[in-house]
Amino acid sequence: MRIQAPRGTEDVVPATASRWQEIESAYHRIASLYGYREIRTPVFEDVQLFKRTAGETSDIVDKEMYEFQDKGGRDIALKPEGTAPAMRAVLEHNLCPTGTHLRLWYCTACYRYGRPGAGRLRELHQLGAELLGSSSADADAEVIELAIRFFESLGIQGAPVRINSIGRQECRTQFREVILEQAKSFLLDTDEVTRAKIEKNPLGMLDSKDPKQKEALVGLPSILNFLEDDSKARFDQLQLLLTEAAVPYVVSPETVRGLDYYTETVFEYEHPALPGLSVFGGGRYDNLVSQLGGQATPCVGFGIGMERLLAVLEAIDHEAKTPQPVAFIVQASAGAAEVARKIAREGRAKGLPISLDLDRRSLKSQMRQADGSGATFALIIGDDELAEQKVSVKNLKSSEQQMIAIDSVVEFLCENS
RNA sequence: GCGGGUGUAGCUCAGGGGUUAGAGCGUCUGACUGUGACUCAGAAGGCCGUGGGUUCAAGACCCAUCAUCCGCCCCA
């Protein structure tokens with residue numbers, strides 16, 4: 001049997017690769033405008049990095065992580081997310097000394113052992129940003145605005161960011177009790193797996209799609225009612241800032257996140273083209289750095305799912321510019337090959353993408369290739385042209401044809417491309 | 001990890017026990033021996049996902065397996 005790409009992985013073939021490039025460069029450009037600089041971290045890390053930070057109640061770490069021992073007996077995990085490794089690197093290189101700010105972006109592969117499906121992969125790529133050193137709502141607003149401006153630059157709009165605040169630890173502890181109390185009768189009546197899951201992470205019930213769970217929570221007060229004053233104030237301020245920035249948002253008290261390190265502000269973004277799947281999600285994680293042994297550093301960040309973003313772009317019919325040659329050189333006689341190669345070399349040296357026939361096929365075939373390549377011009381070189389030291393230049397869009405001296409062809413292409 | 005659908009030509013798909021497996025699109029060749037896209041003619045291209053089973057006979061039926069899609073779980 002032929003070997004296939006492992007389950008849940010995708011090759012980025014040339015047709016898709018041009019979209020990737022487009023997206024990555026757009027992201028890089030916008031992140032730079034906001035003062036973010038790139039960081040790259042290893043594909044694998046010490047397992048403990050994730051267990052200690054995103055840990056415990058999170059399925060991503062608990063049951064979806066690719067873990068193995070290397071030949072030296074070290075416990076290794078392929079990174080399931082980008083934030084913890086970035087913070088590990090920040091501490092390792094002391095990139096954010098106490099009292100300073102640090103803005104980082106990255107594009108990284110992540111690995112999660114779940115069941116693959118539409119928009120769900122085992123190897124996925126995330127575009128991320130992290131802002132370290134500020135606990136202000138301004139920082140929250142900045143990263144959200146960055147992501148939304150990025151989407152807009154790709155032509156994606158029309159869906160609001162869902163924002164919420166899950167408060168600090170004490171607030172969440174209190175709210176968990178309220179949920180468990182409210183869900184008491186539901187829990188008695190449900191299966192073991194669901195019950196264990198909810199008891200482990202009651203907040204997870206909030207964004208459940210199960211109608212029975214939804215029904216069980218009817219009348220539950222919003223988590224926003226449990227916020228302490230400063231959390232509440234910050235969340236209000238965030239809304240003002242997003243309004244000012246013209247970032248469409250909606251307050252969504254059901255929005256919770258699947259990684260344990262989040263506190264206070266959380267957000268996610270779902271596009272109608274991919275219902276039920278978030279394209280972008282993140283939040284504040286003020287305790288992560290200290291959990292890793294650094295000075296307490298307030299941080300906020302997000303991840304954008306590259307493959308999901310591509311799916312959205314495809315759904316909204318966003319055409320990627322596929323690179324096309326300016327000219328295709330048609331060799332209509334045996335003696336043309338050398339001249340053809342010379343013109344191709346000169347043109348490429350001037351930065352013009354040029355293609356030519358490799359197989360000495362018929363003139364008709366070469367003209368077809370020229371057409372199929374998307375080139376604007378066919379440069380036809382045959383005995384007649386060689387005799388006059390000229391090239392027939394046919395514009396394939398307009399069908400106009402003219403003779404141009406071999407020495408001036410490249411110049412002509414430069415002016416007309 | 002759970003439930004369901006689908007795997008036949010490069011792509012989209014037809015064929016649902018009985019000769020040599022089909023179509024459209026695409027590809028290649030040709031239709032005045034120097035001109036693409038349109039038209040016409042022809043050709044190439046298939047371990048019918050893989051392994052086992054039932055049968056005189058399997059692309060078709062059964063089992064398994066792998067992949068993929070749709071839900072769930074989870075999230076990007």
Side-chain angles (χ1 to χ4, degrees), chain A residues 1-10 15 54 57-65 79-83 107-128 147 191 193-194 196-198 201 204-205 207-213 255-259 262 266 268-271 274-282 302-312 328 330-333 336 357 359 361-386 392-401:
Chain A
M1 195 168 76
R2 265 204 321 209
I3 296 172
Q4 297 174 297
R7 176 154 217 219
T9 67
E10 280 179 351
T57 71
S58 130
D59 280 0
I60 291 178
V61 170
D62 209 37
K63 56 177 226 199
E64 292 192 342
M65 202 151 65
K79 60 177 152 181
E81 57 103 24
T83 301
C107 174
T108 184
C110 297
Y111 299 84
R112 297 180 189 177
Y113 194 87
R115 185 191 263 261
R120 300 162 212 258
L121 292 165
R122 288 184 175 171
E123 181 184 61
L124 57 107
H125 295 78
Q126 287 192 1
L127 299 168
D191 63 283
V193 180
T194 311
K197 194 180 170 67
I198 290 174
N201 179 22
M205 237 182 129
D207 68 349
S208 166
K209 286 168 205 157
D210 177 3
K212 280 191 277 186
Q213 291 190 40
T255 295
V256 292
R257 308 253 69 225
L259 297 166
Y262 285 115
V266 294
E268 61 187 23
Y269 179 92
E270 196 177 305
H271 193 275
L274 281 183
L277 300 172
S278 53
V279 175
F280 145 67
F302 64 75
I304 297 170
M306 186 70 179
E307 287 83 359
R308 290 183 179 181
L309 190 59
L310 281 157
V312 169
F328 187 101
V330 172
Q331 300 149 65
S333 78
D357 174 68
D359 301 324
R361 293 201 182 157
S362 70
L363 176 68
K364 181 184 285 288
S365 166
Q366 292 191 52
M367 287 303 290
R368 282 183 185 150
Q369 287 181 65
D371 190 49
S373 76
T376 311
F377 296 101
L379 310 185
I380 304 160
I381 308 169
D383 291 333
D384 297 353
E385 285 83 0
L386 288 172
S392 290
V393 178
K394 178 163 189 174
N395 184 321
L396 295 169
K397 316 283 179 204
S398 66
S399 294
E400 288 164 31
Q401 185 166 329

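Quantities reported herein were computed from a predicted structural model and do not represent experimental measurements. Computation of the quantities below employed the complete heavy-atom set of this structure, encompassing side-chain atoms and omitting hydrogens, waters and symmetry-equivalent molecules. Chain A is the first sequence line, chain B the second, and so forth, proteins listed ahead of strands; every chain is numbered from 1.
As a whole-Å value, the separation of A:Met367 CE from B:G36 P is 6 Å. Rounded to whole Å, the distance from CG on A:Leu121 to P on B:A67 is 14 Å. If you measure from atom CG of A:Asp191 to atom C1' of B:C2, you get 11 Å, rounded to the nearest angstrom. Rounded to whole Å, the distance from NZ on A:Lys63 to P on B:G1 is 10 Å. Between the NZ atom of A:Lys397 and the C1' atom of B:G36 there is a distance of 11 Å, rounded to whole Å. Rounded to whole Å, atom P of B:A31 lies 12 Å from atom CG of A:Leu363. Put simply, CG on A:Asp383 is 15 Å from C1' on B:U35, counting in whole angstrom units.
Between A:Phe377 and A:Leu396, the closest heavy-atom pair is C-CD1, 4.2 Å. The two residues A:Ala332 and A:Ile380 have their closest heavy-atom pair at CB-CG2, 4.4 Å. Contact detail for A:Gly82 and A:Thr108: the closest heavy-atom pair is CA-CG2, 4.5 Å.
Shown here, B:G7 is classed anti by the O4'-C1'-N9-C4 or O4'-C1'-N1-C2 angle, which is more than 90° from 0.
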Derivation of the side chain to side chain contact (heavy atoms under 4.5 Å, CB included) call for A:Leu274 and A:Val312: CA-CA 7 Å; A:Leu274 281 183; A:Val312 169; 4.0 Å; yes
Could you walk me through whether A:Gln126 and A:Arg308 satisfy the side chain to side chain contact (heavy atoms under 4.5 Å, CB included) test, starting with their C-alpha distance in whole Å, then the side-chain angles of each, then the deciding distance to 0.1 Å, before giving a yes or no? CA-CA 10 Å; A:Gln126 287 192 1; A:Arg308 290 183 179 181; over 6 Å; no
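Considering only residues two or more places apart in sequence or on other chains, A:Ser399 meets the side chain to side chain contact (heavy atoms under 4.5 Å, CB included) condition with A:Lys394. Residues forming a side chain to side chain contact (heavy atoms under 4.5 Å, CB included) with A:Gln331 (at least two apart in sequence, or on another chain): A:Ala336, A:Ala337, A:Ala340, A:Leu356, A:Asp357, A:Arg360, A:Gln366. A:Gln213 pairs by the side chain to side chain contact (heavy atoms under 4.5 Å, CB included) definition with A:Phe186, A:Thr194, A:Ile198, A:Met205, A:Ser208, A:Asp210, not counting sequence neighbours.
Across all strands shown, A:Gly204 has no heavy atoms under 4.0 Å from either base or sugar-phosphate atoms. If you check every strand for non-hydrogen atoms under 4.0 Å, A:Gln369 touches nothing. Within the nucleic acid shown, A:Gly119 comes within 4.0 Å of at least one base atom, counting heavy atoms only. Among the heavy atoms of the strands, none lies under 4.0 Å from A:Ala370. Residue A:Glu385 is classed as a base contact, given a heavy-atom separation below 4.0 Å to a base. Within the nucleic acid shown, A:Leu127 has no heavy atom closer than 4.0 Å to any nucleic acid atom. Within 4.0 Å of A:Gly8, counting heavy atoms only, lie sugar-phosphate atoms of the nucleic acid but no base atom. Contacts of A:Ser58 with the nucleic acid, taken as non-hydrogen atoms under 4.0 Å apart, are absent. In this structure, A:Gly258 reaches the sugar-phosphate backbone alone: every heavy-atom distance under 4.0 Å involves primed, P, OP1 or OP2 atoms, never a base.
Applying the salt bridge (charged side-chain N to carboxylate O under 4.0 Å, His left out) test to residues at least two apart or on different chains, the pairs with a partner in residues 361-378 of chain A are A:Asp359-A:Arg361. Note on residues 375-386 of chain A: pairs passing side-chain hydrogen bond (donor to acceptor under 3.5 Å, both in side chains), not counting sequence neighbours, are A:Ser333-A:Asp383, A:Glu385-A:Ser392.
Taking atom P on both B:G49 and B:U12, the two are 14 Å apart, rounded to the nearest angstrom. The separation of B:A76 from B:C61, taken at their C1' atoms, amounts to 42 Å, rounded to a whole angstrom. Nucleotides B:C25 and B:C66, compared at atom C1', are 29 Å apart to the nearest Å. Between B:U8 and B:A14, the two C1' atoms lie 9 Å apart (nearest whole Å). To the nearest whole angstrom, the two C1' atoms, one in B:G59 and one in B:G46, are 11 Å apart. Taking atom P in both B:A41 and B:C32, the straight-line distance is 15 Å, to the nearest Å. B:A60 sits 16 Å from B:A64 when the P atoms are compared, rounded to a whole Å. Separating the P atom of B:U27 from that of B:C11 is a span of 15 Å, rounded to the nearest Å.
For A:Arg7 and B:C66, a side-chain-to-base donor-acceptor distance below 3.5 Å is absent, hydrogens and geometry of angles not being considered. Remark: the A:Gln366 side chain and the B:U35 base include no donor-acceptor N/O pair separated by less than 3.5 Å. Between the side chain of A:Lys394 and the base of B:G36, at least one donor-acceptor pair of N or O atoms lies under 3.5 Å.
Taking every side-chain heavy atom of A:Leu277 into account, B:C74 is the closest of B:C74, B:G30, B:G1. Closest to the side chain of A:Arg361, out of B:G36, B:C28, B:A76, is B:C28. Checked against B:A67, B:G34, B:U29, the side chain of A:Ser365 finds its nearest nucleotide in B:U29. Of the candidates B:C74, B:U68, B:G36, B:C74 carries the atom nearest the A:Glu64 side chain, counting heavy atoms from C-beta on. The side chain of A:Arg368 lies closest to B:U29 when the candidates are B:C69, B:U35, B:U29. Of the listed nucleotides (B:G36, B:G34, B:C66), B:C66 has the atom at the smallest distance from the side chain of A:Gln4. In the set B:G34, B:G36, B:G30, the nucleotide with an atom closest to the side chain of A:Leu396 is B:G36. When each of B:C72, B:U68, B:G30 is scored by its nearest atom to the side-chain atoms of A:Lys209, the top-ranked nucleotide is B:C72. Out of B:A37, B:U35, B:A76, the shortest distance to the side chain of A:Leu259 is found at B:A76. Nearest nucleotide to the side chain of A:Arg115, out of B:C75, B:G36, B:G1: B:G1.
Of the residues near RNA chain B, A:Ile304 and A:Ile381, the one whose nearest nucleotide (by heavy atom distance) lies more toward the 5' end is A:Ile381. Residue order along RNA chain B, read from the 5' end via each residue's closest nucleotide, puts A:Ala118 first among A:Asp207 and A:Ala118.
Using modelled atom types, one finds no donor on one side chain facing an acceptor on the other under 3.5 Å when comparing A:Glu64 with A:Tyr113.
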Base-pair string, RNA chain B, Watson-Crick plus G-U, cut-off 3.5 Å on both distances, | for inter-strand, is (((((((..((((....[...)))).(((((.......))))).....(((((..]....))))))))))))....
